[in-house]
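Quick note on labels: first sequence line is chain A, next is B, and so on, each numbered from 1.
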Amino acid sequence: MAYDLSFAKDVYENAEEGHWIKMCMQCGVCAGSCPLGPHWEFSPRQLFQMIRAGKAEEVLKSESMWMCVSCYHCMVRCPRGLPITHIVHGLARFAVEKKRADKDQVTRRFAKILWENMERGGRIGEMALTTKLYMVNGIPDGVKKGMEMKDQAMSMLKSGRLKMDPLHLSRIRGHAGFKAMLKKAREIEQKKRES
Amino acid sequence: MTKTYTFYPGCSSEKKASAANLDISVQSMCHILDIRLNEIKDWNCCSASIGYAEGGELPRLALSARNLGLAQKQSHRKDVVATCAACWLALRETNDRLNEDAEIKAEMDEVLQAAHLTYDGSLRPRHLVEVLIEDIGWDTLKEKVKKPLTGLKIAGYVGCQTNRPFGVCGDSFENPTYLDKMIEICGATPVAFDKKVACCGGALAFSELEKVCGLIKDILQSAKDSGADLIVTPCPVCQLNVEVYQDKVNQMFGTRFKIPVVYYSQLFVAAWGGSWKQAALHQQIVPANVLKRFVR
Amino acid sequence: MAEDNTASHTILVVGGGMSGLTAAVEAAEVGYDVILVEKNPYLGGRVAQINQYFPKLCTPSCGLEINFQRIRNNPRISTYTMAEVTHIAGEEGNFTVTVRQNPRHVNEKCTACGVCAEACTTEIDDPFNFDLSKVKAIRKPHMMAYPLRYVMDPEFAKSDAAKMLAEKCPVKAIEPDMEAKQIDIPVSSIVWSTGWTPFDASKIHAYGFGHYQNVSTNMHFERIANKYGPTGGKIVRPSDGKEVKNIAFIQCAGSRDHNYLPYCSRVCCLASMKQATYVRNQYPDAKVTIYYIDLRAMDRYEAFQKKVETDENITWIKSKPASLEENPNTKDPIVIGEDTLTGERYATPYDMVVLATGMETNTALNAKVPAKFVSYDEYGFIVNQGNGLTASGCSTAPLDVASAVQSSTAAALKAIQTVVKG
Amino acid sequence: MENQKIGCYICTGCGIGDLLDIKLLEDMATKESRIPVVRTHAFLCGEEGLTTIRHDMQNEAVNTVVIAACSPRVHVETFRQLEAPLLDRVNLREQVIWVQHLKEEDDKDVFEEDRQMAAEDYLRMGCAKVKKMDPPEPFDDPGLSKTIMVVGGGVSGLTAAKEAADTGYDVVLVEKDAELGGRVAQMLKVSPVKPPYDQLEQPPTAALIAAVEGHDKIKIYKKATIKETTGAPGLFDVKIEYGAGEYSTGEDSTGEDSTGEDYSTGEDSTGEDSTGEDSTGEDSTGENSERIGAIVVATGYTLYDETKLTHLGHGTSPDVITAWEFEQMAKAGNIVRKSDGQPAKRVAFSLCAGSRDVQHLEYCSGACCTYSMKQALYVTEQYEDASTFLIYQEIRTPGQMEDFYRKVQNEGGVFIKGDINKVASGSNGGLTVDINDKLLRTPESLDVDLLVLATGMMPNIDTTDPNQETDLSASDANSVLNLQYRQGPSLPLLKWGFPDSHYICFPYETRRTGIHAAGPVRRPMGISSSMTDATGAALKAIQTVESIGRGAAVHPRVGDLSYPSFRVDGCTQCKRCTEECPFGAINEDDKSNPLFNPTRCRRCGTCMGACPQKIISFSNYSVDMISTMFKECEIPEEDEEKPRILIFACENDAYPALDMIGHNRGILTPYIRVVPLRCMGSMNLVWVADAMSAGYDGVLLMGCRHGDDYQCHFVRGSALAETRLNKVAETLDRLQLESERVKMIEVNIMDSDILPDKINAFVDDLEAFGPNPFKEF
C-alpha cells in the first residue's frame, strides 16, 4: 500500500536525524546544491518523499545516499533547516543496519575498511587503508589498481607524506578502553533498536 | 605572551602522514606567533565524514567524545583547536549534539565510562583559523609579514568542511572572505575564484575517483581561468585531492594542470620570512616553485 | 464629538504608506483629528515605488491621488513628513508622543517652481529609485510626490553650494541650516503602520545579488519597469543595457526560509507574475521562467495566475534554485537547481534574474514600539494587545495592498474607540 | 450666487509674471469679465498673498475668489485657509507656462501670442465659472439615523455589531437562524491566530455572542428576514420579519405586527447549515420596521456543492465527505468511517476540492489549506497512530501561517502534490484513492478510511443557495436586503458574486452607498481576516452615517456638500439618469419621473451627463456652467490657422497627468483648452454640440480605463461616456461634421509621457478635416 507510514515512522525514529524528514517541503534546493547531484538516482528530497510514501526497498537499496561527499551545501541552504547531510548519512547507516545496503557498493565498502582500519589502532594508517582498498577485489585486481595509482603513491612517499607502514601495527595507549567504549556504544544502539 | 591551546591534530597531521606539510607549517606558524599547541595525549581518529556508515551514530560520536574527554582530563583550558576540517567538524558536531540532546548525553556518559572518561560538554572546539582571526587578530598577522608575496595571484580555496556547516568566525557559507583576506595580508592578490567553496569530493576520492576527478577538474580549471599561480586552502582533504590527483585529472580529461596547492599556514610562514623547510614546501607534490623567489 | 479639555482626542498615525494613509483618512472622515507622521519626504510609502498593482495592472498613483485629495481637502488631518516617533509616554487615552522632525532644508513656502533644482549641479543617488539613478541634491522627491515640496539632501545642505542655492530661491524656501526638531504631541490613541522593507537580498549569498550585475530584486524591477524609473521604463539589464529577452524570477528569495525569513511574504508570487507581464508586454518574443515552491495567488487573485498561465512564453518550474553562478564572459546569470516535477538538474543561463524578495517588517528593523505597549511575534510583527496602540498593515503581517487597507480601516476604528472611551 | 462679489487674484510667481503679459490679463478680467476686484501678487500662496485676499474679503466684501496661479491640485491646503464661500483656481502655471516652451523653429511672437491667448482663455473660463456657481447647501433631514444594521450573525456580523456598538452606535443585528454564531460557532476549533501560530484555538464566537447579546446598544433579530429596505443611507427603513427570537435590548415592540409566519418554514438562505429546529413553539413571530443609517452585509458563504465533485469520488462511498461534515464529526469527538463506524485513522484531505478549477470555482478560497491542516490535527489528536494525507496543488499558507504548515508536518501530516484520479471503495471497507503523485512522478494508490473534500466558499449574495443559481442577475428575486432601488434590490456584483468595486485600493466600496460587505461575502477569507474585515466595515458604516449627518459625500468626493437638484418639470421621463447612476441613487415615481436620494449620491454627476434636457445640476457644477466656460474662450478666425481643441479631462487621473507634463516641462500644443470634469460620466453630449457650434475644431475626452479592470473611481463613468459618445456621430451628422472630430481616449494618471503625442495625433487628424465650418458663425 502506498503511503503506508510504518516505514516512514521507522526512519523517523531509528535513522539518525530521521525525524527531520517529515519537515521537508520538497523545494529541491538539496538536489540542486549537490556536487554529485547528477549521479544520484534519487535526490535527498526525492528520498524523503519516497520514505513518506513507504517505498522502503527502493530507498534502502538505492545507491543514492552513498553519493554524499559531505560538503554540507544542502544542509546550510535547506530553507527548512533540515540537517540533510546528516540525514543522508543516517539513511546510509540505516540501510546497512537493515541489511539492504549493497555490500559491494564502493563507498560502503570503503567506509567499512576505514572504520576497521581506524578501530584497529585508534588512528588511521593511511598506507594500510589504501592497500586494503585496492585488494578488496582480490590481489590481481588490487595490483592493477595499485599500478594505476602508483604515481600518486610514489609522489606521496617521496614528499614524506606517506608512511611505509603497510601493516598498521601502532596502537593508541588507551586502546583497550577505546575498544570497550565502542563496544558499549554499539550495545546501547543495539538495545535501542530492539526496544 | 604565549597563548596556549589544547590541540587535536588528527590522523592526517601525524608524522609522515598525508598532511604532514600542514602540521609542520602550522607548528612553524605558531612558533612565530608565540602560540603553543598542546596535543591531546593519546587522541584517536574522528572517523571523518565517512565514519557514519559503518560506525553508526553513537560509536561515531563516541570517537570525538573520547577526544573531548581526554582534553578535559588533561587540561583546564576550554579551547580545543583543530587544524583539519573534518576533525574540527566532528568535534563541534559531537559537542553540539551532547549539549542539545539530553538522551545522547546520557548515553554518552555511559559509553565514556567504558573508557574511564567523562565529558561534561563544556569545551569549545575551534579551528586554528578562528584562533588566528579572533585571538591573534588581523593586525598582528599583517605585522609579521617580512616578505610580501607581491605579484603572486592566488586562488583562495576554502572548500567545504572548514566552511560548512559551522563556518569560520560567522563568515558566509557561500562566499567566505577570510582566506582572500589572508592572501591579501601576505601581499599577494586573491583572484576571483568561482570554485572557492566547491567540493573536492572529500573522502569519496577513495571510492568514486572518476566522479571526484570531475569535481577536481572544475576546481583546477576555475583556478586556471582566474589566472591563479597558486591555490591556497585551509583543508587537508582539499589540499590532498586537488594536488595529488592533478596527474589523474590530466590523464582523464587531457588537461595539463600543474598548479601548486599549499596551505594558508605555508603561505604565512613564507610571507613571514620562514624557510622553505619551515613552510614544509619541500613536501609539495606539485612543486610550489612560484614561491621560490620569496623564500630562502 | 464633545470637546473635553483634559485629554487629547487626537489620533496619531505613524507611517504614511498605504496602511497609514488609509487609517488616517478613514478616521478623519468619521470626524476625528488625526496627525500623520511619515519618515520619508513624501506620503505613499512602498506602493509609491510600485509600477503597477496586480491583478489590474493599474498604477498605484491612481488610488494614491484619491487619498491625497482626501488629505488635502480634510482640515482634520495634519501631516508631518520626514518625521519619526522617538518616544511614547503615557497610556491609552493620554499618550505623549515625541516626534523628531528631521530637516527638509526646504520650508513650507516652497512652490515647487523648480528654480533650485535647475541651478543645482550636485547629483546624488536617487533613493526613490533604489540608487539605480542619479537625482539633483535638491529635488522633488519623485514625480507624483505629495506633499508637493522639494527636499534637500542633508549632506549637500552642509555645502557652500547649498547656501548659494538658497539665495536663488525666489520665495526664500531653502534653509540649509534647518535643524531637526523635537515635538511632543499629546494624543489619545495611536495607529502604528510603519510598513516594510524589502528583504536584503545580498544576504542570500548563494544568489549573488550585489555580486552578479544582472541579478536584481523585485522592488528594483518595479523601478526598472517604470516609465519614470532609472531606465525610462525600458527593461534592460544592468551590465550592458541589453534588452531582456530571457528572464527568470526566483520566488521565496529569503522568504519561507529558516535561514532568513521563515514566513511567507504573501505578495511575491503575484508580484512576479505581474512583473512577467511587464516583460512580456514590452518584448513580444521574450521568454520568462518563474521558479517557485508553491504558487500563492491567494483567493480571487487566482484569476490573475490563470490569466498569466495562458502565456506560452512563460515557463513555470517548481523548484527553489540552489544557487546562481555567472558566466564571466557574457555576464549571464546561471540558475542552478533541480526541477522537482521532473527530477532533472538544470543550470540555465538568463539575460537577467529577478529575486522575489520578501517583506521584512519595519517593526523588526527600525520602527520598534516599546515593548510595554505591544507584543511581538518571533519575526518582529506586532501582535495587537488593545491598549490604545493598534498596529496595522505590514506591521502585523506581510500583506497585499487590499489586505493592508482592510487591516488599517479596522485599526482606525480601534483608535476611534479609544478616543470615544475618553 | 446672490450678492456675489468676485475677487480675481493673479499670481506672478513661478515665472508667470515673467512669461505672461499680466497687465493684459488684469485688463481682460476687469473689462471683459467684469470682475470688480482684480489684483496681482508675486507670491500669492505666501502669507502676504493670503493676507491680501483676506483683506479684500473683509473690507471689499469679496465672497468669491478666483486664484489664477498654479494647478488646483497644488496648495489646496493653503487656500482652504481663506474659508471663502466660493473659490476656484485658474491653472496658469502647470497648464500654460510650464507646457509651452519656445522651440527653435517657432516664431517667437506667434509663440508668445499663443501662450498669452491660452492664459487669457483659462482666466476667462475661471471667471465665467464662478459666476455660475453657488455655494452648496448641505442636505439635511430631521429623520437621519445613525443606527448601523448588521445583516448576518456569524463571526463577521457579530464582530461588526460589537465593534460598532463599542464605538457608541446603536446596532440592529439581523440573523436568519435561531442562533447566533454562524458556521464558526459550529466548529470544534479554529486555526492559530497568535504566536507561535502552532496551537489550535477555541472558536471566537462564544465570547462574541456573549458580548453582543449582553450589549445594551445592540438589538438582535433572530430567525429574521428583511422584507424590504426603503429609503437611503441615514434614512433606510428596513422591514424585518422575525421568527422566534427576541431582541436583547430596547423597548419591546414585538408581537404587534406579527404576521404569524415563521421564517424557518421558508427557504433556508444558504441551504447548508439549516438547523432544522422547530420553532413553532410559544415564541411569537413578528415584523418590525427600523430606521437605519448604514448597513454592513455579513451574510457569509455557502460551501461549494460537493455533489458536483464526482471526479473526486463524491458519491462513490459514504466515506467521501466534505470538510464541513468532517468538522461536525470531529466536534462530536467521533472520527469514524461513515460506512461502518470503524475508527478513521487514515484520513486524506483533498485540498482545492472544486476550487481553482474552471469547471467549478475558478478562484481559490484562501482559507481551505489552513482549514484542512487544522482538521488533520483533529485526527492526530484523537488517534495516536493516525495517518493524515493532504493532497494538494499548491500549499497556500501566507504570512505566519507558514509556521502552522510546519507544525502540521511535524505532527506527521503527509503532503502529497498530486491529482486524484479515482476513488473507489476498498476491499477492507475503506477507500482506495488513486493519485497521480507529481513529486514521485508515479501513480500511487492510497488506502484511507476517509477522504475529506475541502470545498470552497461562495458568497451568500442572496437568500438562495448559490450552488443552485448560475444567473447572478436573477439573484434580485431573492435579495437579502430587498432594496427598494430602481436598479434592483441587490448589491451590484463585480465578479463571481462578490459585491465590491475597487478591491485593491478601496476594498470596502460597493455600488450602494452606505452598504458595506464584510467577511467571506466580500472576498473568500478565513476567520481572523473576517474579524478584521468586519471591524473595517463597521468603520465604513459609521463613517457613512457621520458624513451624512454633515450633509457630506462619502468616498471618493469625500466631504463634498453639493448634490444635484432636478428640475422635474423639464423631465421627459427618458429614465437615463435613473438607469445610469452607478450608485442607484435615483428612483422613479410611477410616472417615471426621477426621485433623487441625496444620501445615496456620490456627486459624480453621471446623472447630469445623462440628461438630454439639462434638468440636473449641482449648485457649483452644471451643464450650463461648463458650456458657458468654454464658450467664453476666444475662437480664432479660420484664416488664422489656429485650431482650438476642447479637452474634457477627468479631474482624478487625466487632469493630474496633464499637470505632470507641466512639472516635467513637457510641451503641449497651445491650441488646447482643458476643462476638468468630476468624472467622464458627467460629460453631457450637449457640450459636444455646443463646442462645435462655438467653433472648436475638435473635442477630446480623457477618461479612465473601463471594462473588467476599470479604474474609474465612479465605477461606470468613463464607460458611460464612451457609450454616449457612440451616439454623438448622429449629432455631428446633423451638424454635417465629421464624427472623428470628437474622440475619447483612456488616460491614466501616469500617462504624462505619452499624452502630448496622443493630443498631437488628434490635432493632426483634425487638420486633415480642415477647420470647423461653424467658425464662420
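- Enclosure of atom NZ in A:K145 by more than 12 non-hydrogen atoms of other residues, nucleotides or ligands within 6.0 angstrom is indicated.
- When all heavy atoms are compared, the tightest approach of A:P79 to C:R256 is CB-O, 3.5 Å.
- Taking CZ of A:R80 as the reference point, atom CG of C:N259 lies at 12.5 Å (rounded to 0.5 Å).
- Side-chain contact check for A:S43 versus C:R345: some heavy-atom pair is nearer than 4.5 Å.
- Atoms OG1 and CE, from C:T340 and A:M25 in turn, are 11.0 Å apart once rounded to the nearest 0.5 Å.
- Between A:R77 and C:A206, the shortest heavy-atom contact is NE-CB, 3.8 Å.
- Closest heavy-atom contact between A:S33 and C:A322: OG-CB, 3.2 Å.
- The only member of A:C30, A:C78, A:C27 that meets side chain to side chain contact (heavy atoms under 4.5 Å, CB included) when paired with C:K320 is A:C27.
- The choice from A:C74, A:C34, A:A31 that makes the most heavy-atom pairs within less than 4.5 Å of chain C is A:A31.
- Counting non-hydrogen atoms of neighbouring residues, nucleotides and ligands closer than 6.0 angstrom, the NZ atom of A:K144 reaches no more than 12 such neighbours.
- Of all non-hydrogen atoms in A:R45 and C:E338, the two that sit nearest each other are NE-OE1, 2.7 Å.
- Within 6.0 Å of NZ in A:K183 there are 12 or fewer heavy atoms belonging to other residues, nucleotides or ligands.
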